[in-house]
Number of protein chains: 4
Amino acid sequence: MKKDSAEQHEIEQWMEELLAIGGDKQMTPKQISILEAAVEIFSDKGFSAASTSEIAQKAGVAEGTIFRYYKTKKDLLLSIVGPTMSRMIAPFVMRNFNGVLDMPFESYEAFLRAFILNRLEFARNNFKIIRILIQEIPFQPILRKHFSENILNQVLERVTAITEHFKAKGEIIEAPTPAIIRFTVSSVIGYLVTRLLLMPEKDWNDEEEINLILSFMLHGIGGPGQQAEQ
Amino acid sequence: MKKDSAEQHEIEQWMEELLAIGGDKQMTPKQISILEAAVEIFSDKGFSAASTSEIAQKAGVAEGTIFRYYKTKKDLLLSIVGPTMSRMIAPFVMRNFNGVLDMPFESYEAFLRAFILNRLEFARNNFKIIRILIQEIPFQPILRKHFSENILNQVLERVTAITEHFKAKGEIIEAPTPAIIRFTVSSVIGYLVTRLLLMPEKDWNDEEEINLILSFMLHGIGGPGQQAEQ
Amino acid sequence: MKKDSAEQHEIEQWMEELLAIGGDKQMTPKQISILEAAVEIFSDKGFSAASTSEIAQKAGVAEGTIFRYYKTKKDLLLSIVGPTMSRMIAPFVMRNFNGVLDMPFESYEAFLRAFILNRLEFARNNFKIIRILIQEIPFQPILRKHFSENILNQVLERVTAITEHFKAKGEIIEAPTPAIIRFTVSSVIGYLVTRLLLMPEKDWNDEEEINLILSFMLHGIGGPGQQAEQ
Amino acid sequence: MKKDSAEQHEIEQWMEELLAIGGDKQMTPKQISILEAAVEIFSDKGFSAASTSEIAQKAGVAEGTIFRYYKTKKDLLLSIVGPTMSRMIAPFVMRNFNGVLDMPFESYEAFLRAFILNRLEFARNNFKIIRILIQEIPFQPILRKHFSENILNQVLERVTAITEHFKAKGEIIEAPTPAIIRFTVSSVIGYLVTRLLLMPEKDWNDEEEINLILSFMLHGIGGPGQQAEQ
DNA sequence: CATGAATGAGAATTCATTCAT
DNA sequence: TATGAATGAATTCTCATTCAT
């Protein structure tokens with residue numbers, strides 16, 4: 001549809017703007033293959049169980065070469081998950097001039113739909129790195145700190161603004177914002193996890209599934225016969 | 001091949017573990033302190049980064065003693081997460097005599113409420129072990145296999161039955177059961193994760209929060225002003 | 001001679017008292033052979049150029065065994081040179097009750113003679129360790145600190161007292177004590193170095209040489225024809 | 001055998017170095033800064049613990065550049081200490097035409113005074129290199145060999161001649177020349193070491209100290225009350 | 001049962017040296 | 001001539017596991 005494609009374009013612009021992170025600038029082929037091998041192996045065995053010698057072998061370089069680019073094994077890890085961590089939250093880090101939410105969506109539903117699709121695409125493209133990130137956050141204090149201070153807080157702040165924007169417009173019920181956010185985010189992440197991690201091989205119809213989720217979120221799953229409780 | 005026989009060994013051990021559910025039978029004090037120390041350290045640093053000598057030290061036993069009880073470090077891990085894994089799904093593994101759902105709840109809401117409270121309690125009591133379990137499932141093929149074959153499938157089957165039970169009673173809308181389950185489970189797990197992992201220090205009013213979640217699930221978060229879409 | 005042997009005995013007692021350092025208590029045979037091998041190799045190649053694998057090989061133990069006893073290679077070094085460093089200055093660390101010098105020697109010459117012989121013996125028995133010590137003091141801040149704070153200062157203080165004791169008795173000329181000490185110590189160490197390090201294979205007559213040194217020190221090497229200067 | 005040919009190479013290089021005494025001929029600025037950096041770092045950490053990459057960095061050149069000028073790290077060391085080693089003994093390598101000692105000093109005292117001042121100056125100017133030299137002589141066979149064969153012997157021979165010259169003139173007592181030399185050299189080196197190494201920060205009055213040393217050497221430190229021994 | 005000394009395979013990391021540019 | 005990326009052997013150190021006591 002015209003509208004959709006125009007909207008899509010706007011969203012893409014709106015999102016890509018903030019993605020100018022690092023830019024993978026001037027990496028040698030060796031460095032690239034080191035990174036690729038590291039992503040593969042960290043993702044397969046976890047950071048601790050991965051060995052630099054295995055990474056070197058898979059990357060087709062000498063073990064010493066890894067340490068020319070990354071001082072330590074942990075540096076290698078951080079250089080992999082760091083940028084992706086930032087890009088994960090790119091859509092949330094938008095400018096918000098003079099108190100006005102720069103929100104190019106007509107409805108909450110449209111916003112969520114676009115958002116889910118966009119992050120699904122991102123998660124698909126960065127699947128392994130995100131896996132590494134999630135696995136290692138509990139064990140790498142530096143990641144945990146960065147995650148809670150930068151990521152979590154920024155996202156929460158932004159999402160709160162968005163939610164209240166739509167609450168003000170009457171599209172969302174009057175209920176505690178944190179609970180609404182948790183509910184929404186859980187539903188979205190629940191889908192992403194099932195889709196990509198638990199049952200990746202299933203033949204998914206994303207559009208349909210997202211419609212269902214949105215419908216559940218907005219109208220609930222309560223049927224006509226549900227008991228009047230409390 | 002060596003690998004096969006090793007794997008065979010793993011499986012045998014594993015099966016024995018599963019039979020020991022709830023048992024903790026005839027454990028010496030040393031064995032108990034080994035397990036406690038192992039839980040602590042596996043949970044803190046992850047399986048690979050934990051060292052048996054540190055566990056021994058924390059448990060107050062000699063290094064060799066661990067290997068009297070558990071042939072390998074991995075055996076120690078499995079003996080910890082195995083039983084808990086089974087107990088995680090205990091509520092789902094109820095008898096279901098002669099095709100009749102033995103479901104002692106009047107409403108879906110009552111069922112969910114009871115269920116969430118029950119699993120919240122369980123998760124609180126087994127927090128560290130569950131963390132270990134979640135961390136290690138991706139890296140321990142034997143765990144992954146058991147999880148997907150036994151846990152996931154059993155739970156899914158059971159949850160499907162329950163869901164359809166309430167669907168038949170009109171308490172849940174007519175929509176694809178898998179999507180409903182995903183939606184429900186996501187909401188519940190989302191709460192548990194936030195409650196126990198992301199913001200454990202916050203002062204939670206569980207009853208209230210659960211009421212909100214149930215309300216969201218059943219009636220949605222759509223407000224009066226929401227646009228008619230589709 | 002009777003006198004000499006009695007004196008000798010007194011001196012030995014006087015010196016051994018303070019040597020109760022550590023005592024090489026309960027070392028396993030493996031630990032002993034590790035230490036022996038380490039002394040040998042550190043002495044031959046220097047600390048940095050010595051490899052733990054070579055030490056392990058020479059000691060006849062696995063490389064890991066070294067690290068059971070000594071956390072790091074540097075620990076191994078310190079555990080070797082530390083005690084010897086203390087024993088080097090043992091003769092200087094005598095009790096000095098109520099301001100009275102406990103000095104069981106009739107003359108300065110007798111004192112010096114006994115002292116030189118005693119330290120020559122000590123240096124001969126601890127030759128390699130002393131070599132390591134001297135080599136590594138410039139590069140190991142911890143050694144340097146200990147040396148300057150504990151060793152040098154203690155010895156200087158004590159030697160100053162001794163020197164002034166004999167100066168008061170008129171056996172030593174009135175001249176700045178530091179210069180006298182430097183002169184004396186240089187002569188002694190110069191002999192030890194030549195004797196043990198530069199020309200160890202020469203057939204030395206220690207008694208005669210020491211007599212010469214003492215004579216030089218006390219009466220100088222100026223001949224009858226020396227010019228009246230200044 | 002490999003070792004032999006390597007040794008052969010060492011020796012050849014070494015000889016070339018020796019010929020370059022005082023030369024510093026046609027050194028590029030890069031080469032000079034390499035040498036300066038190497039002196040600094042070898043002196044600070046010792047030869048083995050110094051890394052060529054650190055030297056390159058301090059010198060402001062690429063790692064590879066060092067190896068354009070010096071085949072190996074050891075070559076670099078030798079090219080530093082070699083010339084200085086030779087210059088250390090320069091005053092002893094004087095022409096000695098037709099058996100006549102070309103000794104332009106009236107008295108032994110005047111000679112020693114001039115000599116000490118001269119070598120003190122030299123040592124001050126070449127402090128770091130001399131430190132390296134002394135540190136490395138025990139570990140570099142080639143240095144040790146050269147030192148004992150060329151330096152030590154030449155110096156000894158020359159010093160013996162000088163000493164006997166003054167003995168003949170009656171300025172030095174009749175005593176075994178080696179002992180006299182040892183005594184003299186010890187006193188001088190003892191002063192240099194204290195002056196430059198042990199207490200460099202002290203405010204020294206060199207002239208006065210040297211006078212004291214000379215006085216001690218020539219007349220001894222024995223006071224009027226010294227016991228007549230033997 | 002329990003110990004803990006001993007092992008040796010392998011881990012991360014360093015570094016002198018080479019070589020294509 | 002100078003560079004610096006690349007190497008791979010060597011180094012320090014860790015750790016699961018064994019076994020004699």
Side-chain angles (χ1 to χ4, degrees), chain A residues 27-31 34 47-57 59-76, chain B residues 28-31 34 47-57 59-77, chain C residues 27-31 34 47-57 59-76, chain D residues 28-31 34 47-57 59-77:
Chain A
M27 290 210 296
T28 69
K30 299 242 172 205
Q31 191 171 5
I34 288 171
F47 174 73
S48 281
S51 86
T52 52
S53 84
E54 194 181 355
I55 293 170
Q57 195 175 357
V61 303
E63 203 168 353
T65 305
I66 292 178
F67 293 91
R68 282 195 69 73
Y69 291 106
Y70 307 96
K71 262 158 88 83
T72 65
K73 189 184 162 194
K74 195 178 286 184
D75 269 9
L76 177 54
Chain B
T28 69
K30 296 228 178 229
Q31 191 170 6
I34 288 171
F47 174 72
S48 281
S51 83
T52 51
S53 85
E54 196 183 353
I55 292 170
Q57 196 178 353
V61 304
E63 288 207 52
T65 306
I66 291 177
F67 293 90
R68 299 226 136 256
Y69 291 105
Y70 308 96
K71 245 205 234 302
T72 66
K73 189 185 163 193
K74 196 180 283 183
D75 274 3
L76 176 55
L77 171 70
Chain C
M27 288 210 297
T28 69
K30 299 240 173 209
Q31 191 172 6
I34 288 170
F47 174 73
S48 281
S51 85
T52 51
S53 84
E54 195 182 354
I55 292 170
Q57 195 176 356
V61 303
E63 203 167 352
T65 305
I66 292 177
F67 293 92
R68 283 196 69 73
Y69 290 105
Y70 308 96
K71 261 156 89 82
T72 64
K73 189 185 162 193
K74 195 178 285 184
D75 269 8
L76 176 54
Chain D
T28 69
K30 299 227 177 229
Q31 191 171 6
I34 288 171
F47 174 73
S48 281
S51 83
T52 51
S53 83
E54 195 182 355
I55 293 170
Q57 195 178 355
V61 303
E63 288 206 52
T65 306
I66 291 177
F67 294 90
R68 298 228 135 256
Y69 291 106
Y70 309 97
K71 247 206 235 302
T72 66
K73 189 185 165 193
K74 196 180 282 184
D75 272 4
L76 176 55
L77 171 70

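Model, not experiment: these values are computed from the prediction. Here is how names work: the chains are called A, B, and so on, in the same order as the sequence lines, proteins then strands, and each is numbered from 1.
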Base, sugar-phosphate, or nothing for [X], non-hydrogen atoms under 4.0 angstrom?
| X | value |
| --- | --- |
| A/Thr72 | sugar-phosphate |
| B/Ser51 | sugar-phosphate |
| C/Ala50 | sugar-phosphate |
| A/Thr65 | base |
| C/Tyr70 | nothing |

Exercise. Does any non-hydrogen side-chain atom of B/Tyr70 lie less than 4.5 Å from one of B/Ile34?
Worked result: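 SC-SC contact between B/Ile34 and B/Tyr70 confirmed.
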Exercise. D/Leu76 CG to E/dC15 C1': how many Å, rounded?
Worked result: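 Atom-to-atom, D/Leu76 to E/dC15, this comes out as 15 Å.
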Exercise. Quick one: which of E/dA16, E/dC1, E/dT14 gets closest to the side chain of D/Phe67?
Worked result: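 Closest of the options to the side chain of D/Phe67: E/dA16.
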Problem set entry | Dot-bracket line, read 5' to 3' along DNA chain E, where crossing pairs take [ ] and | marks a partner on another strand, Watson-Crick or G-U under 3.5 Å | .||||||||||||||||||||
For this session: With a 4.0 angstrom cut-off to heavy atoms of chain D, pull out the first and last contacting nucleotide of DNA chain F, in 5'-to-3' order.
Result: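 Contact boundaries, 5' end first: F/dA2 to F/dG4.
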For this session: Using the P atoms only, state how far E/dC1 lies from F/dT21, rounded to an integer number of Å.
Result: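 It comes out at 22 Å once rounded to the nearest Å.
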Exercise. If only side-chain N and O atoms of A/Lys71 are considered, is one of them under 4.0 Å from the OP1 or OP2 phosphate oxygen of E/dA12?
Worked result: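 False: A/Lys71 side-chain N/O out of range (4.0 Å or more) of E/dA12 OP1/OP2.
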